[in-house]
Amino acid sequence: MTTPAAERTTSTPEGPRYRYTPALAQEIELRWQDRWEERGTFHAANPSGALTGPDGANASGSPYFIMDMFPYPSGAGLHVGHPLGFIATDVVGRFRRMCGDNVLHTMGFDAFGLPAEQYAVATGEHPRGVTERNMVTYRRQLRRAGLAHDQRRSFATIDPEYVRWTQWIFLQIFDSWYDADAEPAGTDPDRRRGRARRISELRDELAAGTRPVPGHDGDNTGGAVWAALSEGERRDVLDAQRLAYVDSSPVNWCPGLGTVLANEEVTSEGRSERGNFPVFTKNLRQWKMRITAYADRLTDDLELIDWPDKVKAMQRNWIGRSHGAHVRFDVVGTSDNDAAGAGEAIEVFTTRPDTLFGATFMVVAPEHPLLDEVPAAWPDGTKSVWTGGHESPAAAVAAYRREASGKSAVERQADAGKKTGVFTGHLAVNPVTGTHVPVFTADYVLMGYGTGAIMAVPGGDERDYDFARAYDLPVVHTVAPDGGLPDGFEGAYAGEGVAINSSNDALSLDGLGVDEAKARIIAWLSENGVGQGTTTYRLNDWLFSRQRYWGEPFPVVWDEDDRPVAIPDSMLPVDLPDVPDYAPRTFEPDDVHSEPEAPLGRNEDWVNVTLDLGDGPRRYRRDTNTMPNWAGSCWYYLRYLDPTDTEHAVDPALEKYWMGPRHNATSGPAGGVDLYVGGVEHAVLHLLYARFWHKVLFDLGYVSSSEPFGRLFNQGYIQAYAYTDSRGAYVPAEEVTEETAPDGQTTYFWQGQPVNREYGKIGKSLKNVVSPDDMYEAYGADTFRLYEMSMGPLDQSRPWNTRDVVGSQRFLQRLWRNVVSEETGEVTVTDDAPDAATLRVLHRTIADVRTEMEGMRPNTAIAKLITLNNHLTGLDGVPRAAVEPLVLMTAPVAPHIAEELWEKLGHTESLAHEPFPEADEAYLVAETVTCVVQVKGKVRAKMEVAPDISEEDLQAAALAEPNVVRFLDGAGVRKVIVRAPKLVNIVPA
RNA sequence: GCCCCCAUAGCCCAACUGGUAGAGGCAGCCGGCUUAAACCCGGCGAAGUACGGGUUCGAAUCCCGUUGGGGGCACCA
């Protein structure tokens, strides 16, 4: 049996009275936490307004804004993995503060969301009560860790004052449209065109006739078209242009959750990220945000910010910009069934317009509007495999559409590769070959990407080839590699090469490389009015409404004509109504035919209101949707700058000071938060949405930074070992012992039986949860912090090992003993000058610790502190001049013990604002350096030499080394590589 | 299937970006303190860097391949 270290330590009440025990640590920590709070030690000073520094101090130093990703206060409380990032930012913040920066660091709560709502549903308690209770627990656990937060700036997304501004931002977005041709906002002349503008400006321009009316043909010069519209029609035109808009389109419907979801919330397996329920595609009228208008800027501006390449790549991928062409294929009205003979056109998107001559059929997504009308009978030449055995195209298409819509994304996923589809009866004309090609519908073409229709080139695309084989369709190769395709080549050739089989009377691509062929055909398409070069995105507009209770209500009402009207600022916030039941109407997870039903709709008195919105009291119906959980986290960083501000969401002067472009030495051209630390799991969702909102606010002139987060850092995860017995059941990890055999093999035991060790997540079911509370109790917060910071590099995941924590505790105990007598509690440091060796170790340590701290490598910084501390331990007396800098350098990681020692050393002020020690260059130069002498790369001698020895002297000394002479064995010297003063390498002839 | 990251003493991790494989911690062993043990103090051993090749005077570090682990994307036209 292992005895937990904690028990060993606490069960020795006999120890010296003033030893740094967990009990003493706890006493010190609680005391300093109270003092910090009373003194406002970590109050960050704004350059103006009520939020000043400690004792009313004005802002001084370089502004440094540091943040953790918003925690969600879950009911389970924290485990030891959660605070890792919080401690890391705290260490950085404390370090920067000691370097003289004006550090802004606080933490609020992302408090709307599903778990609280689900708990409320289960217990009947209002989610607010549940959430607030959880926040109390969270606050206590975080405070106990000694985090240097400015509590005045903390808030929760559910606070009515915060909701008010979240709704206000929504209304700014609602009140905007995207003018892709406008001069960019801001002052950077290189930025690409396009920005958000006010809807009223669009209205004015339409009325003045300076732009055409979207969706209405005709010449609007002088505003003629606009003038002919009714007021209702005008509002429809404007509403359709808004950045927050309602429309009906295929969305992700999750019956198991009873709500619709954004694409980003659906896993690649086609399930909900929360709850893992199946998700179906359904046409529903929902709120969306026009994030696609920002697709280019969201991609391009990644270059302006200091983020991990991995996250940038994930965002680029998600936005999925690709260049290609739109091509229009005329649909043939089959003369028998369509008297007019007039077809419509199908527009496709392709990245390979150069292969147009190989387009032998077309495929549209099952949801494509072309299928709303199909020919009554199969046209001539219809092959039997195309029809799926149906009598008519109408029957075939209807059946296929039904089948496809009933398929969950899961099933779609499972069927990927298998090609299913059916002929629609439509024929279209390939614009370069003039050939009639059949139009199929198949679910491998997605309505959400491009135009929802493709030209199929089986000769150049694997998927099209698979489909062509299944449906007996012709294959034409239009690209061949050097030396041509092999005889009898079958399949798709998607590689490099030159165009073949690509000529008609007016155009020839033959012999051109892919890039030239693309350019040529795009020019031809434009000239002939059948297409043009274009860019398309994988990103879709952000589905923004949810049919849940616990979220921000939409600040919108619907008038008698069912058009949306914004609630005026003066009536914000729109509070959540009381409802008889918080639960959304949920359904059998696979009930495709269910429809969303919002809980807010259950309070009729709330929904149906009479309001005076400027033209007298009228009846309105409130919007019963709530915003997604992401809304609150889209802009919280701005509110940290002053959550008490009742005039602005954020004061522009404060935003400029803390976040503006180049607001300090390390801030980039886009500005933003100086350091944002969080897990990589938000790489796409939160970080993309927040960037989007920020850019809208930037365009509208509310913020001066064009990006919210100038630097992003992903911390790794703390994982843990879990152990299973012979039956595969988990056993309590803390009760497992290990034995190492002489051969180095380690075996693990639980209650005498061998168990199997696995590595992974921390979780209740894995029986390996350790809570921070356990650590505070058994070791104290400083030891816990120190251990978490010394485990390894911050960006790497590593295993928790309670057994190892004692090492961190010993360091602090030794530090304590270097200052304080364990027997008497007296300070024992001497005022004697440190000896030369101590000074060298001290200044070397200072220099190294600074470097490591600046590089966010607390693990190596701590190692160096331990080295210095161990050196001091070996001295007869510990000089004050050596231990005081050590205490200061330890403070960012173990702040409570450092404050206590600092005070014992006679200082009356907190060390939080004390300057971080600076190394004296004079002590950084070693007296001698060990020089390694290699012969043919192998170490053959070592010499103690002066650090500034010349290359010539060093080489001469090396060649004279007896061992070198012996290994050269009379052979001549071919070459000598000298890297003074540390290395000489001699290459024998 | 495609892309990215990682692999160093029994364990967690360092190694100035090509220059003595070891900073620190855990565990282990020896000694001191102790009536004894724990704590504490002092000391010690241990890997040649997953594997195979290559470049170089010199490779943990760069290149190629293999194995193992982690992550992202996945009918995106």
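Just the heavy atoms: all of them, side chains too, but no hydrogens, waters or symmetry mates, feed the values below. Each chain gets a letter, A, B and so on, in the order its sequence line appears, and its residues count up from 1.
Pairing for C73(B) is with G1(B), a Watson-Crick or G-U wobble pair whose two hydrogen-bonding atom distances lie under 3.5 Å. With both pairing distances under 3.5 Å, G45(B) is matched to nothing as a Watson-Crick or G-U wobble pair. Base pairing of A21(B) is not made with any nucleotide, judged by Watson-Crick or G-U wobble geometry with both donor-acceptor distances under 3.5 Å. When Watson-Crick and G-U wobble pairs are counted only if both distances are under 3.5 Å, A38(B) pairs with no nucleotide at all. Nucleotide C26(B) has G10(B) as its partner under the Watson-Crick or G-U criteria, with both atom distances under 3.5 Å.
The gap from the C1' atom of C29(B) to that of G18(B) amounts to 37 Å, rounded to the nearest Å. Comparing C63(B) with G19(B), their P atoms are spaced 15 Å from each other, to the whole Å. A gap of 31 Å separates the C1' atoms of C2(B) and A59(B), to the nearest Å. Look at the P atom in both C6(B) and G22(B): the space between them is 23 Å, to the nearest Å. As rounded to the nearest Å, C33(B) and G24(B) have P atoms that lie 27 Å from one another. Comparing C51(B) with A37(B), their C1' atoms sit 47 Å apart, to the nearest whole Å. Using P as the reference atom, C16(B) and U35(B) are 49 Å apart when rounded to the nearest Å. Atom P of U8(B) sits at a distance of 13 Å from the matching atom of G48(B), rounded to the whole Å.
Ring pair F361(A)/F467(A) is parallel by interplanar angle, where below 30° counts as parallel and above 60° as perpendicular.
Note on R810(A): a side-chain N or O is less than 4.0 Å away from OP1 or OP2 of C26(B). Distances shorter than 4.0 Å separate some side-chain N or O of N870(A) from OP1 or OP2 on G25(B). Dashed line: the shortest gap from a side-chain N or O of Q796(A) to OP1 or OP2 of C13(B) is under 4.0 Å.
Nearest to the side-chain atoms of I866(A) among the listed nucleotides A14(B), G25(B), A77(B) stands G25(B). Side-chain proximity of V806(A) to G72(B), A27(B), G24(B): nearest is A27(B).
As a whole-Å value, the separation of I454(A) CD1 from C75(B) P is 14 Å. Rounded to a whole Å, the CG atom of D795(A) is 18 Å from the P atom of G70(B). The distance between atom CD of E788(A) and atom P of G24(B), rounded to the nearest whole Å, is 23 Å. The CE atom of M853(A) sits 19 Å away from the P atom of G24(B) (whole-angstrom rounding). Distance CZ (R817(A)) to P (C40(B)): 7 Å, rounded to an integer number of Å. Distance CG (D804(A)) to P (C26(B)): 8 Å, rounded to an integer number of Å. The NE2 atom of H326(A) sits 12 Å away from the P atom of A77(B) (whole-angstrom rounding). One can place CD of Q809(A) at 17 Å from P of A38(B), the figure rounded to the nearest angstrom.
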- Do Y537(A) and W318(A) pass the ring pair (Phe, Tyr, Trp, His ring centres under 6.0 Å) test, and can you show the C-alpha distance, the side-chain angles, and the key distance before you say yes or no? CA-CA 9 Å; Y537(A) 307 89; W318(A) 187 262; over 10 Å; no

- Item | CA sep, side-chain torsions, deciding dist, call: K864(A), E852(A), salt bridge (charged side-chain N to carboxylate O under 4.0 Å, His left out) | CA-CA 9 Å; K864(A) 291 171 198 305; E852(A) 300 306 298; 5.5 Å; no

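Screening residues 445-462 of chain A for side-chain hydrogen bond (donor to acceptor under 3.5 Å, both in side chains), with sequence neighbours left out, gives S322(A)-Y449(A), D461(A)-R463(A). Sorted by first and then second residue, the salt bridge (charged side-chain N to carboxylate O under 4.0 Å, His left out) pairs involving residues 318-328 of chain A (not counting sequence neighbours) are D296(A)-R321(A), D300(A)-R321(A), R328(A)-E347(A).
Shown here, G48(B) is classed syn by the O4'-C1'-N9-C4 or O4'-C1'-N1-C2 angle, which is within 90° of 0. Glycosidic torsion of U17(B) falls within 90° of 0, placing the base in syn.
If you check every strand for non-hydrogen atoms under 4.0 Å, T350(A) touches sugar and phosphate atoms only. At the heavy-atom level, R974(A) lies nowhere under 4.0 Å from the strands shown.
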Find every protein N or O atom lying less than 3.5 Å from an N or O atom of nucleotides 19-23 of chain B, and list the pairs.
from	atom 1	to	atom 2	distance (Å)
G19(B)	O6	R979(A)	NH2	3.3
G19(B)	N2	Q934(A)	OE1	3.1
G19(B)	N2	N985(A)	ND2	3.0
U20(B)	O2	K942(A)	NZ	2.6
A23(B)	O2'	T867(A)	OG1	3.2

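Looking at heavy atoms from C-beta onward, V311(A) lies out of side-chain contact with D309(A) at the 4.5 angstrom threshold. Two residues are said to be in side-chain contact when any heavy atoms from C-beta on lie closer than 4.5 Å; R785(A) and D782(A) meet this criterion.
The ring of W800(A) has its center no closer than 6.0 angstrom to the ring center of Y717(A).
In this structure, K419(A) satisfies the cation-pi test against Y444(A), with its NZ or CZ atom closer than 6.0 Å to the six-membered ring centre and inside 45 degrees of the ring normal.
Not a single donor-acceptor contact under 3.5 angstrom links the side-chain atoms of K310(A) to the base of C5(B).
Looking at E823(A) and R17(A), no side-chain N of the basic residue comes within less than 4.0 Å of a carboxylate O on the acidic one, giving no salt bridge.
Along RNA chain B, the nucleotide closest to R814(A) and the one closest to V805(A) are compared, and the more 5′ of them pairs with V805(A).
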